[in-house]
Amino acid sequence: MKVVVIVATFGRKEHVARLLAQLERQTLLPDAVILSAPDASHIPSNTVCRFPVSRVVGKTGLPAQRNIALDVAGDRFDIITFFDDDFIPADDYLEGVSKAFKQQPDWAVMTGHVLKDGATTAGLTWDEGIQALREAGPATESRGVDQLSAYGCNMSIRAAFIDGLRFDERLALYGWQEDVDFTSQLRVRGRVVRLPSIRGVHLGIKSGRVNGIRFGYSQVANPIYLVRKGTVPSTFALRLMGKNLLANLARSLWPESYVDRRGRLRGNLLALSHVARGRVEPEYILKI
């Protein structure tokens, strides 16, 4: 099965270079890698790899950048794997994905086990991420666990099941919950599973993120928009919004150094005021 890896990136040229170097270690090399960025300044230009690397530019925002890469990939591949530019896959990651899709023809989407996730902390360094992979030891065989959706930092999709589906570009910039929106729609075409035997580490690097107010706005507006769209259940959205709103409220007095809690809370409240007036516009963050 032919595998393409798509990496959407913004302001992290050095991390993209390190990810490409890590992909050189894969026991099954990708047939191609597509890097998608707003312009060429975000992408390393002199990297030589054992697999073809395409560079596509011209769009800003995670959903838009992933879409332009999907258009470039076309129908040339059997598996589309999305990695964040700060995700470190285990060396056998792509081999495990390919093997699982061959064995499970009804699987549409697969996401791996994140050994450590810096997105929930101050973030991890590359050395810490690689060390975490070493300490995990060899993977053991495991069964897929059905999920509502995949985790966008590492998700693989059977290309034949995509059939023209694209990421929702109304979920602008960071695209909060765009992975949930996209992959949950694929459950009508096949199973969406987490496979613990394919593993990696998400560094959760903080550079290149949107500001606190914009992100806080998305924490409320995006889930409500997806409920109206019909791609997520209201229970999921309410639980997600409630958790984030309470965390931002509770920690705004003593915020973590790496999270703009007060900005997020302001964004939460702004979005709630808009929703109360019947205004559900995730793209409003472009005006903030």
>> So, applying salt bridge (charged side-chain N to carboxylate O under 4.0 Å, His left out) with E256, which one of R264, R251, R262 is it?
In response: R251
>> Using the rule given for ring-ring contact (aromatic ring centres under 6.0 Å, His included), can you reason through Y151 versus F82, listing the C-alpha separation, both sets of side-chain angles and the distance that settles it, and then say yes or no?
In response: CA-CA 10 Å; Y151 188 8; F82 293 95; over 10 Å; no
Above 12 or not: heavy atoms from other molecules or residues under 6.0 Å from [atom1] of [X]?
X: R279; atom1: CZ; value: yes
X: R143; atom1: CZ; value: no
X: D75; atom1: CG; value: no
X: K99; atom1: NZ; value: no
X: K59; atom1: NZ; value: yes
X: R18; atom1: CZ; value: yes

Report all side-chain donor-acceptor pairs from residues 224-234 shorter than 3.5 Å, counting only partners two or more places apart or in another chain.
residue, atom, partner, partner atom, Å
Y225, OH, D168, OD2, 2.6
K229, NZ, D168, OD2, 2.9
K229, NZ, D181, OD1, 3.2
K229, NZ, D181, OD2, 2.9
T231, OG1, D181, OD1, 2.9

>> Go through it in stages, so that I can follow the logic: the residues are H274 and V280, the test is side-chain contact (heavy atoms from CB on, under 4.5 Å), and I'd like the CA-CA distance, side-chain angles, deciding distance and then a yes or no.
In response: CA-CA 7 Å; H274 283 185; V280 182; over 6 Å; no
Going by atom types alone, do [X] and [Y] pair a side-chain donor with an acceptor below 3.5 Å?
X: N222; Y: Q177; answer: no
X: S197; Y: S142; answer: yes
X: N67; Y: E169; answer: yes

> Does L148 share a hydrophobic cluster with L238, counting links as ILVMFWY side-chain heavy atoms below 4.5 Å and allowing steps through other members?
Replying inline: yes
>> Walk me through whether C49 and T47 qualify under side-chain contact (heavy atoms from CB on, under 4.5 Å).
In response: CA-CA 6 Å; C49 301; T47 304; 3.6 Å; yes
>> side-chain contact (heavy atoms from CB on, under 4.5 Å) for L23 and F83? Distances and angles first, verdict last.
In response: CA-CA 11 Å; L23 291 177; F83 285 147; 3.9 Å; yes
> Can the ring centroids of W107 and F101 be said to lie less than 6.0 angstrom from one another?
Replying inline: no
Any heavy-atom pair between the side chains of [Y] and [X] that's under 4.5 Å?
X: W176; Y: Y217; value: no
X: L35; Y: V53; value: yes
X: F10; Y: P38; value: yes
X: W126; Y: L19; value: yes

> Got a second to check how far I6's CD1 is from S156's OG, nearest 0.5 Å?
Replying inline: 10.5 Å
>> If I take atom CG from residue L269 and atom CG from residue L245, how far apart are they, to the nearest 0.5 angstrom?
In response: 6.5 Å
Below 4.0 angstrom, N of the basic side chain to O of the carboxylate: do [X] and [Y] qualify?
X: R166; Y: D71; answer: yes
X: R66; Y: E178; answer: yes
X: K2; Y: D78; answer: no

> Of L94, I157, V3, D31, which meets side chain to side chain contact (heavy atoms under 4.5 Å, CB included) against I79?
Replying inline: V3
> Hey, mind stepping through H202 and D86 against side-chain hydrogen bond (donor to acceptor under 3.5 Å, both in side chains) and telling me if it holds?
Replying inline: CA-CA 6 Å; H202 185 210; D86 59 349; 3.2 Å; yes
> Does Q147 have any side chain to side chain contact (heavy atoms under 4.5 Å, CB included) partners at least two apart in sequence or in another chain, and if so, which?
Replying inline: V145, V192, R194
